[in-house]
A.B. asks: 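Sharing a structure, written as structure tokens. Questions coming.
This structure is a prediction, so every number in the text was calculated from the model and none was measured.
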Amino acid sequence: MANDVFGPVGTRLTQAVLTGDFKLYRSVMRLPLRIEPLGGQPYELHTDTSLQQDFELYHDVIALNDVNDIFRENIVHNQLADDLIEVTCVTHILHDTAPVVEPFNTLFLLRPTEDGWGISMIRSSIGHINWTLARSRISDDGRFTDD
């Protein structure tokens, strides 16, 4: 079952952040949403308002960097419990077919929601999380870098 769950969630996540569709984004998230930047300070989003603020920052930085595709190569699926799935993937952020930044690993925890399954935790590189929050940028050599 775990292998079948993340594909549709990941597709809707990508479509939401690329198009700026917060309603679609909200449908794949489960509050509270925990964000864990590797080597950084984790934080949680508890309300639709805080989720929308976080989403708008992410969508804006995607548009600013001409990102028009995000591909997640699923590498590990674990059904940890009936109501908990762990998915690890390699995330590719692209403009057309060219990488905007070097690929990086992302871990998602999924739990049931009213709409199916939703992301309850995201663990990613600190550079990626800081970039989504407009705290870092992508250097000319395709790496996340602090401003």
A.B. asks: Do any side-chain atoms of residues 24-35 form donor-acceptor pairs under 3.5 angstrom with protein atoms, and if so which ones, sequence neighbours left out?
C.D. replies:
unit_1 : atom_1 : unit_2 : atom_2 : d
Arg26  : NE     : Asp48  : OD1    : 2.5
Arg26  : NH1    : Met29  : O      : 2.9
Arg26  : NH2    : Asp48  : OD1    : 3.4
Ser27  : OG     : Leu24  : O      : 2.6
Arg30  : NE     : Pro112 : O      : 2.9
Arg34  : NE     : Glu36  : OE2    : 2.6

A.B. asks: Would you say Arg72 and Thr14 are linked by a side-chain donor-acceptor pair, where the criterion is simply a distance under 3.5 Å?
C.D. replies: yes

A.B. asks: Decide whether Glu86 and His77 meet the rule of one side-chain donor and one side-chain acceptor closer than 3.5 Å.
C.D. replies: no

A.B. asks: I'd like to check Thr145 versus Arg137 (side-chain heavy atoms, cut-off strictly below 4.5 Å). Are they in contact?
C.D. replies: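 Yes, at least one pair of side-chain atoms sits under 4.5 Å.
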
A.B. asks: If Ile, Leu, Val, Met, Phe, Trp and Tyr residues are connected whenever their side-chain heavy atoms lie under 4.5 Å apart, and connections chain through other members, are Phe71 and Ile122 in the same group?
C.D. replies: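 No, it is not one cluster - the side chains of Phe71 and Ile122 are not joined through contacts under 4.5 Å.
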
A.B. asks: Using side-chain contact (heavy atoms from CB on, under 4.5 Å) as the criterion, point out the one residue from Thr132, Leu57, Ile70 that pairs with Ile62.
C.D. replies: Ile70

A.B. asks: If you define the side chain from C-beta out and look only at heavy atoms, does anything of Asn65 sit under 4.5 Å from Ile138?
C.D. replies: yes

A.B. asks: Between Thr19 and Asp21, do the side chains contain a donor N or O and an acceptor N or O under 3.5 Å apart?
C.D. replies: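 Looking only at side-chain atoms, Thr19 and Asp21 do not form any donor-acceptor pair under 3.5 Å.
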
A.B. asks: Is it true that Leu38 and Ile129 fall in one hydrophobic cluster, defined by side-chain heavy atoms closer than 4.5 Å?
C.D. replies: no

A.B. asks: Report, as yes or no, whether the 6.0 Å neighbourhood of atom CZ on Arg143 holds more than 12 heavy atoms from other residues, nucleotides or ligands.
C.D. replies: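 For Arg143, atom CZ is not crowded (no more than 12 foreign heavy atoms under 6.0 Å).
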
A.B. asks: Quick one: name the residues clustered hydrophobically with Leu64, using the 4.5 Å side-chain heavy-atom rule over I, L, V, M, F, W, Y, and just say none if it's on its own.
C.D. replies: none

A.B. asks: If we ignore angles and hydrogens, is there a donor and acceptor under 3.5 Å between the side chains of Thr106 and Thr91?
C.D. replies: yes

A.B. asks: For Phe144 and Val101, what are the C-alpha separation, side-chain angles and deciding distance, and is it a side chain to side chain contact (heavy atoms under 4.5 Å, CB included)?
C.D. replies: CA-CA 7 Å; Phe144 293 115; Val101 67; 3.7 Å; yes

A.B. asks: Looking only at atom types and distance, does a side-chain atom of His59 sit under 3.5 Å from a main-chain N or O of Val17, one as donor and one as acceptor?
C.D. replies: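 Flag set: sc His59 to bb Val17 pair under 3.5 Å.
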
A.B. asks: Side chain to side chain contact (heavy atoms under 4.5 Å, CB included) for Leu51 and Phe22? Distances and angles first, verdict last.
C.D. replies: CA-CA 9 Å; Leu51 184 67; Phe22 177 72; 4.0 Å; yes

A.B. asks: Looking at every non-hydrogen atom in both residues, tell me the closest pair between Gly127 and Ser136 and how far apart they are.
C.D. replies: O-OG, 3.3 Å

A.B. asks: Do Phe104 and Tyr58 belong together in a cluster built from hydrophobic side chains that touch within less than 4.5 Å?
C.D. replies: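 In one cluster: yes.
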
A.B. asks: Does the side chain of Val76 come within less than 4.5 Å of Asn78's, by heavy atoms?
C.D. replies: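 In short, these two side chains touch, coming nearer than 4.5 Å.
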
A.B. asks: Side-chain heavy atoms nearer than 4.5 Å, only ILVMFWY residues, links allowed to pass through others: does that put Val90 and Leu94 together?
C.D. replies: no

A.B. asks: What's the separation between atom CG in Leu133 and atom CZ in Arg135, rounded to the nearest 0.5 Å?
C.D. replies: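 Output value for this atom pair is 4.5 Å.
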
A.B. asks: Minimum heavy-atom separation for Val5 to Trp117, with atom names?
C.D. replies: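 So the minimum-distance heavy-atom pair works out to CG1-CG, 3.4 Å.
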
A.B. asks: Donor-acceptor check, side chain of Ser124 to backbone of His128, threshold 3.5 angstrom: yes or no?
C.D. replies: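 Answer holds: no.
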
A.B. asks: Would you indicate whether the side-chain heavy atoms of Phe108 and Ser120 approach each other to under 4.5 Å?
C.D. replies: no

A.B. asks: In the hydrophobic clustering (ILVMFWY, side-chain contacts below 4.5 Å, transitive), which residues join Met121, or is it alone?
C.D. replies: Leu80, Leu84, Leu107, Leu109

A.B. asks: Indicate whether the side chain of Ser50 and that of Thr47 have a donor and an acceptor atom separated by less than 3.5 Å.
C.D. replies: yes

A.B. asks: Applying the 4.5 Å side-chain criterion to the ILVMFWY set and letting contacts propagate, would Leu45 and Val9 be lumped into a single cluster?
C.D. replies: yes

